[in-house]
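Accompanying notes for the structure given below.
Below, read A as the first sequence line, B as the second, and so on, with proteins coming before strands; counting in each chain starts at 1.
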4 protein chains.
Amino acid sequence: MDGVKVVAIARRAASYEERTGRTREAILAAAEQEFVANGLSGATMESIAKAAGVNKALVYRHFERKELLFQRVLVMAYRRLRDMEANLEFSDDPVAALEELCSFTLHYYLENPNFLVLVGVENLHKGENLRSVAREELAISKLIRVVTGLLAKGERAGAFRPGLDPVDLWLTLSSLCWFSVAGAYTVDITFGRNIHQPAEAEARLAVIKDVIRRYALRPERLPPI
Amino acid sequence: MDGVKVVAIARRAASYEERTGRTREAILAAAEQEFVANGLSGATMESIAKAAGVNKALVYRHFERKELLFQRVLVMAYRRLRDMEANLEFSDDPVAALEELCSFTLHYYLENPNFLVLVGVENLHKGENLRSVAREELAISKLIRVVTGLLAKGERAGAFRPGLDPVDLWLTLSSLCWFSVAGAYTVDITFGRNIHQPAEAEARLAVIKDVIRRYALRPERLPPI
Amino acid sequence: MDGVKVVAIARRAASYEERTGRTREAILAAAEQEFVANGLSGATMESIAKAAGVNKALVYRHFERKELLFQRVLVMAYRRLRDMEANLEFSDDPVAALEELCSFTLHYYLENPNFLVLVGVENLHKGENLRSVAREELAISKLIRVVTGLLAKGERAGAFRPGLDPVDLWLTLSSLCWFSVAGAYTVDITFGRNIHQPAEAEARLAVIKDVIRRYALRPERLPPI
Amino acid sequence: MDGVKVVAIARRAASYEERTGRTREAILAAAEQEFVANGLSGATMESIAKAAGVNKALVYRHFERKELLFQRVLVMAYRRLRDMEANLEFSDDPVAALEELCSFTLHYYLENPNFLVLVGVENLHKGENLRSVAREELAISKLIRVVTGLLAKGERAGAFRPGLDPVDLWLTLSSLCWFSVAGAYTVDITFGRNIHQPAEAEARLAVIKDVIRRYALRPERLPPI
DNA sequence: GATGAATGAGGATTCATTCAT
DNA sequence: AATGAATGAATCCTCATTCAT
């Protein structure tokens with residue numbers, strides 16, 4: 001709706017390839033902002049073009065249709081997160097590491113609502129736009145590898161219950177962080193808890209860590225009561 | 001997409017008041033379907049009117065603006081769920097009761113995606129439409145009372161950890177069920193888990209129950225390992 | 001291209017039906033002019049609306065799509081001609097009557113190029129728009145009846161060759177008039193004959209009459225040489 | 001509609017001049033197909049370029065504007081036909097020869113609808129594009145010479161009426177063939193006669209020959225009745 | 001000569017909303 | 001209360017044409 005001129009900087013470049021690449025980036029960046037701010041149908045190609053500092057027709061030349069542009073934006077958002085996850089540096093202690101993953105995830109969602117919004121929009125559209133994307137593009141395997149490693153290490157250390165499924169654990173952890181942020185507005189209105197206030201965020205994170213720890217740890221490792 | 005004629009039945013009725021009431025209901029019912037199927041901007045006043053079997057202008061007469069119509073639909077959806085929750089009949093055993101609440105919630109979400117979609121849409125719109133609704137209309141207190149009761153009973157019975165916060169517990173439980181359903185499409189695409197298949201739903205429910213139980217129960221009540 | 005405000009007069013009428021009818025007429029009249037002046041793709045819904053003195057969206061309300069609007073215009077043009085043909089008053093002498101039909105047809109085409117242009121456009125579009133029109137709407141039978149009557153009368157009078165097929169004759173006559181007008185521009189450029197000059201038109205009409213007479217009459221009725 | 005890659009063959013050739021010439025031909029050939037298939041406004045420079053296997057900008061380099069390209073295509077089509085006509089080999093018998101001209105013309109139109117379509121389009125545009133073309137480019141004189149020769153021969157042989165005007169005769173003959181093909185679609189729809197079916201084409205040709213013969217021959221040479 | 005990138009203007013269609021009856 | 005007609009502002013997308021390399 002307001003159309004900040006995002007990346008228009010740095011065009012007028014050298015080779016064709018370079019120029020094309022920069023234009024593409026500018027459009028993608030602008031599109032992400034517009035989609036996040038206004039949703040798939042709310043964002044207009046006009047505003048995206050303007051925000052990217054290019055012509056409307058050029059957006060079409062590069063992305064053919066609005067949905068395909070959305071798809072590219074979505075894929076970008078996925079990759080960005082998956083790449084960060086793959087490069088996280090965890091503590092040696094597996095319990096601490098698990099809590100660090102909780103913390104990272106909640107904070108990432110809080111600071112990058114784009115990801116949540118884009119994925120939320122996509123779910124409202126029943127996954128139509130994501131379905132045609134090659135699985136590898138989403139780099140999901142990187143994430144699985146990280147979680148699997150974490151669980152194995154904790155299990156070997158005798159801290160975690162054996163046989164935990166990494167996908168189950170991830171979905172659990174992710175659900176807790178996800179809803180805290182994606183449902184923030186209705187939760188605030190109905191329960192009076194506003195996670196966008198730092199104190200509230202930390203309180204919620206503490207609960208999430210607690211839930212996850214109690215789920216992953218052998219009971220005898222938990223403090224009584 | 002094509003506008004099933006929802007409730008058009010049963011207009012042309014008795015007293016003025018009654019007639020008006022029925023028209024209102026018909027519009028609300030039609031609007032809910034359209035909003036859920038196509039989102040806030042996707043649903044059109046035209047299609048809503050057609051589905052309700054009435055004239056477009058009449059929809060305006062009853063609800064003034066599209067957003068207000070959406071708001072009423074949303075409030076309706078909230079109340080419907082809260083009313084059901086308030087009337088749930090739980091087992092005497094508090095642990096079983098807690099699991100029943102998990103089961104009810106997941107299944108309700110699965111069978112009434114309308115609620116999730118509407119609330120999801122509302123969150124994407126940052127709660128703009130819900131904010132002006134009186135808190136009582138959402139009947140949130142009924143839900144809190146139920147959860148509080150459950151926790152108190154479990155604590156008295158020595159099963160639950162003392163001092164559990166009902167809102168924390170509810171947000172945890174709700175997050176797990178919510179994301180399982182609201183994120184169904186992207187989860188299916190990325191992790192290959194499709195919760196719309198019954199077996200998958202039951203498997204996920206088992207994990208959710210487990211997470212909640214381990215969070216609520218005193219550790220010493222948990223089976224070792 | 002120039003957008004004369006065609007019929008915008010005389011709206012603001014009494015009953016719904018009357019108002020609707022007038023709007024419809026105004027749009028159809030404007031559309032005909034625009035389609036004739038600019039072709040199917042050349043005419044824009046915007047210019048049509050403006051010429052009709054109404055809003056663009058209203059054109060859609062009444063005719064749904066540009067092609068359907070074109071179809072209605074085309075059908076109107078057909079009916080108008082067929083109705084005139086059905087009401088022609090011919091001389092008693094069948095030979096004179098036949099020549100009168102030639103004369104009427106050529107002059108009608110000359111004075112109503114709209115018909116030619118519309119049908120020409122439709123043929124360039126391979127008849128797509130006309131195909132779905134009910135045969136009766138085109139009132140072709142009226143024309144056939146007229147030609148059949150003419151031939152029968154001439155045959156009974158011993159003037160025309162027996163067994164002439166009315167459709168064959170009509171297609172012949174129509175071809176001659178048609179091409180004279182529809183091909184006017186290229187014929188003028190290539191052969192230097194401009195049928196839009198009255199003298200040229202009469203000269204061409206004389207040839208057409210001659211061709212038709214020689215085709216229809218028994219040879220022995222023709223003047224030697 | 002989708003742009004078959006027409007002549008892209010045989011570029012990357014010998015001398016500059018030769019290469020240029022071939023590119024030109026490729027573009028012209030592609031343009032003809034596109035114009036015929038989609039009309040002047042329906043054909044796009046993009047699709048033409050793609051069909052020719054070249055870059056859009058190159059089309060502009062060679063033809064400056066869409067209309068000029070259309071003009072060149074049109075001229076090409078004229079010349080092609082005129083050249084064929086100039087080289088026809090007729091029977092010695094002038095009556096047979098005249099019928100052969102009818103047959104050739106109808107079949108040429110049937111098999112080369114391009115010519116009809118292009119000229120039809122041009123007439124809808126009131127000859128704007130053709131007007132600036134030098135008369136000789138259209139080689140019309142060749143055709144006149146052929147028809148004049150035919151008539152002179154028939155007249156000398158005592159078969160044809162004296163004083164027939166070659167242009168009149170040609171316009172008559174051409175009208176009959178023209179309309180049969182150019183009006184094919186609407187004629188099919190309104191009269192149920194589809195000239196694209198071979199039997200129908202032959203029947204129509206017989207009528208055309210009959211019309212022309214009766215117009216050209218001395219009456220006493222016609223069979224009674 | 002040949003290419004890919006970029007533009008500005010326009011065009012069909014849709015939609016929330018208001019008006020007249 | 002209820003209806004059908006009418007509107008103005010968008011919105012997606014296309015296209016002829018020009019520019020830079």
Side-chain angles (χ1 to χ4, degrees), chain A residues 11-20 22-24 41-49 53-67 69, chain B residues 11-12 16-17 19-20 22-24 41-49 54-62 64-67 69, chain C residues 11-24 41-49 53-67 69, chain D residues 11-12 16-17 19-20 23-24 41-49 54-62 64-67 69:
Chain A
R11 303 233 315 292
R12 167 160 313 258
S15 64
Y16 271 151
E17 260 178 59
E18 211 175 305
R19 188 144 61 110
T20 306
R22 288 187 190 176
T23 302
R24 234 186 121 83
S41 47
T44 77
M45 293 301 260
E46 174 98 38
S47 68
I48 291 171
V54 301
N55 188 282
K56 214 189 334 179
L58 192 54
V59 179
Y60 280 93
R61 222 179 112 69
H62 281 280
F63 296 95
E64 211 166 347
R65 276 177 296 127
K66 198 186 185 184
E67 276 122 29
L69 175 53
Chain B
R11 302 220 335 285
R12 167 162 310 264
Y16 268 152
E17 259 178 59
R19 188 141 64 105
T20 305
R22 288 186 188 174
T23 299
R24 231 186 122 83
S41 46
T44 78
M45 292 303 259
E46 178 96 38
S47 66
I48 290 172
V54 303
N55 188 280
K56 206 176 7 168
L58 191 55
V59 178
Y60 278 92
R61 205 167 167 60
H62 279 281
E64 206 168 348
R65 276 178 297 123
K66 199 186 182 185
E67 276 110 29
L69 175 52
Chain C
R11 304 234 317 292
R12 166 160 315 257
S15 65
Y16 272 152
E17 261 178 58
E18 212 176 303
R19 187 143 62 110
T20 305
R22 288 188 188 174
T23 301
R24 237 186 116 83
S41 47
T44 77
M45 293 302 259
E46 174 99 38
S47 68
I48 290 171
V54 301
N55 189 282
K56 213 185 340 177
L58 192 54
V59 178
Y60 279 92
R61 224 180 110 69
H62 281 280
F63 295 95
E64 210 165 347
R65 276 177 296 126
K66 198 187 185 184
E67 276 121 31
L69 176 53
Chain D
R11 304 231 321 294
R12 166 163 312 262
Y16 266 150
E17 258 177 61
R19 187 139 67 103
T20 307
T23 300
R24 231 186 124 82
S41 46
T44 77
M45 293 302 260
E46 176 97 37
S47 66
I48 290 171
V54 303
N55 188 279
K56 208 174 8 166
L58 190 53
V59 178
Y60 277 92
R61 206 168 167 58
H62 278 280
E64 205 168 348
R65 274 178 299 122
K66 199 187 183 185
E67 277 110 28
L69 175 53

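Between Ala49(B) and Asn55(B), the closest heavy-atom pair is CB-C, 3.9 Å.
Residue Leu58(A) contributes atom CG, which lies 16 Å from atom C1' of dA9(E) at whole-angstrom precision. The nearest whole Å value for the distance from the CD atom in Glu46(A) to the P atom in dT7(E) is 13 Å. Taking atom OH of Tyr60(D) as the reference point, atom P of dT7(E) lies 17 Å away to the nearest angstrom. The interatomic distance linking Phe63(A) (CZ) with dA6(E) (P) rounds to 12 Å, in whole Å. Rounded to an integer number of Å, the gap from Asn55(B) CG to dA20(E) C1' is 13 Å. Between the CD atom of Glu64(D) and the P atom of dA16(F) there is a distance of 16 Å, given to the nearest Å. We find that CD1 of Ile48(A) is positioned 11 Å from C1' of dC12(F), with the value rounded to whole Å. Atom CD in Glu18(A) sits about 12 Å away from atom P in dT21(F), given to the nearest Å.
Counting any heavy atom pair closer than 4.0 Å across all strands shown, Ala49(D) reaches no nucleic acid atom.
Of the listed nucleotides (dT13(E), dT7(E), dG4(F)), dT13(E) has the atom at the smallest distance from the side chain of Met45(C). Among the nucleotides dT3(F), dA12(E), dC13(F), the one closest to any side-chain atom of Lys66(C) is dA12(E).
Along DNA chain F, the nucleotide nearest Thr20(C) and the nucleotide nearest Thr44(A) are compared for position; the residue whose nucleotide lies closer to the 5' end is Thr20(C). Where Glu67(B) and Gly42(C) meet DNA chain E, the nucleotide closest to each residue was compared, and Gly42(C) sits on the side nearer the 5' end. Taking for each of Ala57(B) and Ala43(C) the nucleotide of DNA chain E with the nearest heavy atom, the 5'-most of the two is the partner of Ala43(C). Mapped onto DNA chain F by nearest heavy atom, His62(C) and Ser41(A) fall at different nucleotides, with His62(C) at the one closer to the 5' end.
Within 3.5 Å, a donor on the side chain of Lys56(B) pairs with an acceptor on the base of dT17(E), or the reverse.
Side-chain nitrogen and oxygen atoms of Thr23(B) include none within less than 4.0 Å of the OP1 or OP2 phosphate oxygen of dA1(F).
Atom OG1 of residue Thr23(B) and atom NE2 of residue His62(B) lie 5.0 Å apart, to the nearest 0.5 angstrom. Rounding to the nearest 0.5 angstrom, the gap separating the CZ atom in Arg61(A) from the CZ atom in Arg24(A) is 12.0 Å. For the atom pair Glu64(C) CD and Glu67(C) CD, the distance stands at 11.0 Å (nearest 0.5 Å).
The closest side-chain heavy-atom distance from Lys56(A) to Val59(A) is not below 4.5 Å.
Taking a pair to require two hydrogen-bonding distances under 3.5 Å in either a Watson-Crick or a G-U wobble arrangement, dC19(F) pairs with dG4(E). Taking a pair to require two hydrogen-bonding distances under 3.5 Å in either a Watson-Crick or a G-U wobble arrangement, dT13(E) pairs with dA10(F).
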